[in-house]
Amino acid sequence: MSEYKDSLLVLRTYKLGEADRILSCISKQHGKVRVVAKGARKSKSKFGGRVEPFTEVFASIWKGRGELDTLRQAEVVSLNAELHEELDKLIKASTVVEIVDKVSFDGQDLSALYELATRALRTLSVQDSPNFLSVFALRVLSLEGLAPQLDGCGLCGSPNVVALDYLHSYGLCRKHVTAPIPSEVVEMMRAVLVGRTGAVLAMKDTVLSREFETVVMRYFEQSLSMKLASLSLHRGGSEIF
Ligand SMILES: [Zn+2]
């Protein structure tokens, strides 16, 4: 067996046998990685609490023959323990790892997604924002090449964008839509897409944040043809059943 070292972000964990844990991770240099942490569920495990979801570790890994590699050592880079302590942060962090899991595939270079996700989780662990998920989702859309073009209407070129066409990833003006979205929301999306994420994360208008999130997450789910399970928890649980 050969050994490699890489930074891992733990997305999910699964029980294996009596005492082991499988970690589903993305790595900085080796794409998506699944490793077995042997004995991780024993109370005196050498991995301690270091192999939980949202944790970033620098790891030594034995390359296995099949799908599963074996974790040999793990040093904590960011524990992000705060994300397990507050329900709102826990749900947002769960949405982040669900998104990361769903947009990442075996054999892909995930270094940019790795940077984005680990930075987002570290930010969330120290400071929550009502715009956190929307900002993260827009940044993922940018990475995927699916961010909406908001410079002008995709159909007629008018600069007054009031809605989004997720099929073509462009904005639309008032002429083509019946239900426009607030201009403040379009401005917030523009700000994130040109890199002014800090300003949007610092905004405190909760009503506007809710509208922003509704628009962004609907666009996100439609563009990527996915339904986010953790998002229904975030919306208040009414859609769980
Ligand atoms: Zn138009």
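Source: prediction; values computed, not measured. In each ligand, atom 1 is the first atom listed, and ligand 1 is the first ligand listed. FYI, the numbering just counts along the sequence from 1. Any value given below was found using the heavy atoms of this structure, including those in side chains, with hydrogens, waters and symmetry copies removed.
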Query raised in the report: Between Tyr4 and Asp69, do the side chains contain an N or O donor and an N or O acceptor separated by less than 3.5 Å?
Result: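 Side chains of Tyr4 and Asp69: pair found under 3.5 Å.
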
Query raised in the report: Any chance the side chains of Asp109 and Ser111 put a donor and an acceptor closer than 3.5 Å?
Result: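 The criterion, which ignores hydrogens and geometry beyond distance, is satisfied for Ser111 and Asp109.
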
For [Y], is there an ion pair with [X] - N to carboxylate O distance below 4.0 angstrom?
| X | Y | value |
| --- | --- | --- |
| Asp128 | Lys89 | no |
| Glu187 | Arg190 | yes |
| Lys227 | Glu221 | yes |
| Asp106 | Arg34 | yes |

Query - the Zn ion (ligand 1): protein N, O or S atoms [distance under 2.8 Å] - result: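 Listed by chain and number, the nearby protein N, O or S atoms are Cys153 SG, Cys156 SG, Cys173 SG, His176 NE2.
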
